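Have a look at the structure below before the remarks.
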Amino acid sequence: MAQQRKAMWEADLDEDLQDVDLSLAIGNYGQNGMYEDTQSRIDEATLLAVQQQMAQQAAFAQIPDVVKRFIAHFHQAVLDNNLAEITVAYESGWNRLTEKFYAKTEWPEAEVIAPLVNDDQIFLILYRELYYRHVYSRLSPDIDDRLHSYENSCELFNYLLNSDGPVPLELPEQWLWDIIDEFIYQFQSFCVWRSKVKSKTEEELTMLADANQVWSSYSVLNVLYSLIQKSKINEHLVGLQEGKSAEEISEIVGEYGTRPLYKLLGYFSIIGLLRVHSLLGDFTLALKVMENVELNQKSPFTRVTACHVTTYYYVGFCYIMLRRYPDAIRSFVSILNFILRMRQYHTRSYQYDQINKTADRMYALFAICNALSPTRVDDNISNIVKERYGEQFGKMSRGEEGIPAFEELFLYACPKFISANPPPYDDAELLAAHIEDPPVEPAQRHLALFLAEVRAQAPVPTLRSFLKLYTSLDAKKLASFLDADEEEMVQQLMVMKQASRSVSRVGDEKGLLDGQMISTSDLDFVINENMVHISESTVGRRYAGWFIRNTEHAQRVLDTLRAAPLPVAPKPTGPPAEAGKDGAPASAAPRPQKVAWGSVKAA
Amino acid sequence: MASAANWSSPSTRPPLIETLVSGVDRYNPSNVSILEDYLYHQIRSEEYDCLANLAILKLYQFNPDLYNPDVVINILIKALTSSPFPDFSLCISLLDERPASAASQDEPDPLPTLLPILTALHSLLQQCRFPTFWTLYRSTEVEALRDNYTVECVGFEDAVREVAVRAVKAAFSSIGSERLGTYLDLSGADLSAYVEKLGWIVSNSGVVSIPANPDNQIESTVVQENIQLSQLTKVIAHAAQTSQPAAVPVVN
């Protein structure tokens, strides 16, 4: 049954997109003739349906009343497009009841709760979206969950994209983000699971052989591009950059793009593409699809924190793979500061954990970038990095011996890379060969490429530490210090020079791939035949921050002192002369002062 | 590459390719031959378009049936000479898994044997070990690559020399011509001609001076702190608020 629905979706989509010129290109390659044996399954399915119905009634009776009421209420809120109520149900009700009743088991199946919501198919699709997300995050999804969650996503996107005109549904921003985020997460999770051939049961092997288009890269990209196209989000963003008025923009984006639901889904799909392309190892394309997105938080297109975090994480990571460390650093610094500022508002969000984990990975990536391209950077962030990754950072700054530290941090902090294609499940012979000689895991391939780059730069820290001591120095002498061949050392100096240059966005370049060559190092040198001349740019010691902070502090202390009631006159103590004599006048007088300091400090 | 713009969209890129590279048509397998033709055009004409070539590899990634080892090898050869920029790694990133071994039925796939060689060559360029690069490149080990591929790639050796020239230009203000010769794999009259073409001047003693450029001009600077008024607003505002002579608290 389910397979039939899927096939119809494909057909509908193709038909509908004929005139959109888009992604016929993406949709239907090699997807023909995959559901040929649906006929024989239908009878089996009818039989099952009767049994299922009975089971469902039993299951329905099991649902706690409070959950039933919640679902009915949730449904009503969706029917009314009541964003406030939907948000409450989505962000707090669902999570509260999950903790209470479904911490370790699935929510009731959609078929079971159908009577509560008048069999409202749209609501049931949304319900399943939550249902499967819960399965993925709390339990371990089996192959049926994985295939069905794909079908449900297809149904949801089919409804959004191929109804007559825009659908009258409204959902909270956060939920819309979560829909796209989860769709890609499940795709990635499926790809990783699919790539592990050895652990599959016979049944799973058969099912995977049949379902080789489920969660295919083309189908995922198709959804994202379709949402982008429908919402005309790119045109929207360009319009904003050109300073067009709201009316002009709604003229441009049309009936879909003017609706928040489509507009946001379109925007989130761009971020989704950034992520999917990164997962597939296409770092240039990942940044290219972001062409029209402006990375600044002055005029945020969305207020969903998780979306910002994802965006900057992947942009930063892509820059690392493009060897544009200054851009990567800038990306991480800006979002990590943002997270620090937002921290106090987000502790209650269920996404807080996720955001924190991503932040921690970004600190690790930041450490990597800073080791490869030592620059003076944001103190706030580098202090936290020192705290968390100080040990690795120390090793990474020492060249060759730091390679294991690079490896450790890269594997910890890199995205969960995937392969675009499944193992050959439909060909027993090839599959056997695949098991015999499994391909290198994607993360390992990307790691190897990254480490090659790190190795090439490995001599730099040592050279740097020597050059720092001189203003000019004979190459031969330097070589003898390093116990190296002079010619080889000169070649390493050229590597060092290259490592101190990078392409970077310096101003208002359009697009994330654009940039200018800049110098990233405070230490520069030039070789005049055999003489190495060195110059260093120093940053004068910074006093202002210290003085400003302490001036402000002193002002606060003075304020407190002024506001404090006059101290009660001290009780007469020993003769004052005595105190003066033995040089300990401290006993009486400073005491109230001490209290004042203490209280200010605590404040 | 002073600016990345010429890398992400070279001025030599025809409009048709631009449409493919920037639009969703890049995913359409039937466009692969257009992109492949464009690659062979680059091979013949000393042009280079990394993003267009990555688009070919993307199509191969999604459609393993399209895989053509000769095309991949040519793409990698082109990417090799863009060092120190990471084009070569970016291309390798897209070579998912091993290419389908099914291809081996008709004729052996040359990529698995050539890939390690290409990687080794790339790694030498990455490390600016130009003399070793030339030794390896001229060795019998690399014969298959030379005879079947790089010989077809117009200006390949000059492209490698340009990699060396870029590195030398940035690091040296003058360099002994013998040393330069080992980097460029040139000597005698060839070297003089090449150096002259670059507009570099050779002194009588055989030292080549390299014209000043932003990378070989060094200067010590001290970056001084510059305090903005905005940093002081809090202090000044506070001072203004409390400037009325208040009763001085008795300090005892």
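Naming convention: chains lettered A, B, ... in sequence-line order (proteins, then strands); numbering from 1 in each chain. Keep in mind it's a predicted model, so treat the numbers as computed, not measured. Hydrogens, waters and symmetry mates are skipped; everything else that's a heavy atom, side chains included, is used.
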What part of [X] is in contact with chain A, defined as an atom under 4.5 angstrom from a non-hydrogen atom: side chain, backbone, both or neither?
X        : value
B:Asp215 : both
B:Phe88  : neither
B:Glu219 : backbone
B:Ser8   : side chain
B:Val207 : side chain
B:Ile210 : neither
B:Ile227 : side chain
B:Ser22  : both
B:Val168 : both

For the rings on A:Tyr325 and A:Tyr319, is their centre-to-centre separation under 6.0 Å?
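Distance test on ring centres: not under 6.0 Å, no.
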
A:Phe283 and A:His446 aromatic centres sub-6.0 Å
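For A:Phe283 and A:His446, the ring centres are under 6.0 Å apart.
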
Could you tell me which portion of [X] (side chain, backbone, both or neither) has an atom closer than 4.5 angstrom to a non-hydrogen atom of chain B?
X        : result
A:Arg501 : side chain
A:Ile534 : backbone
A:Tyr543 : both
A:Asp559 : side chain
A:Glu486 : side chain

Of the listed residues ([options]), which shares the most heavy-atom pairs with chain B below a 4.5 Å separation?
options                                : answer
A:Lys288, A:Glu441, A:Arg324           : A:Lys288
A:Pro459, A:Ser500, A:Gly281, A:Pro424 : A:Gly281
A:Val532, A:Leu493, A:Leu322, A:Thr551 : A:Leu322
A:Glu453, A:Met496, A:His533           : A:Glu453
A:Met321, A:Arg323, A:Met494           : A:Met494

What distance separates B:Phe172 CZ from B:Asn213 CG, expressed to the nearest 0.5 Å?
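These two atoms lie 12.5 Å from each other.
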
Roughly how far, to the nearest 0.5 Å, is the SG atom of B:Cys128 from the CZ atom of B:Phe133?
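Atom-to-atom, B:Phe133:CZ and B:Cys128:SG are 12.5 Å apart.
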
Would you please say whether a donor-acceptor pair under 3.5 Å links the side chains of [X] and [Y]?
X        : Y        : value
A:Ser504 : A:Ser502 : no
B:Asn6   : B:Tyr48  : no
A:Asn234 : A:Asn292 : yes

So, using side-chain hydrogen bond (donor to acceptor under 3.5 Å, both in side chains) as the criterion, who are the partners of B:Ser30 when residues are at least two apart?
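B:Ser30 satisfies side-chain hydrogen bond (donor to acceptor under 3.5 Å, both in side chains) with B:Asn28 once adjacent residues are dropped.
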
Would you mind listing every side-chain hydrogen bond (donor to acceptor under 3.5 Å, both in side chains) that reaches into residues 488-498 of chain A, with sequence neighbours excluded?
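Non-adjacent pairs meeting side-chain hydrogen bond (donor to acceptor under 3.5 Å, both in side chains): A:Lys497-A:Asp524.
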
Do B:Asp49 and B:Arg13 meet the salt-bridge criterion of a basic N to acidic O distance under 4.0 Å?
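Looking at B:Asp49 together with B:Arg13, the answer is yes, because their closest N to O distance falls below 4.0 Å.
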
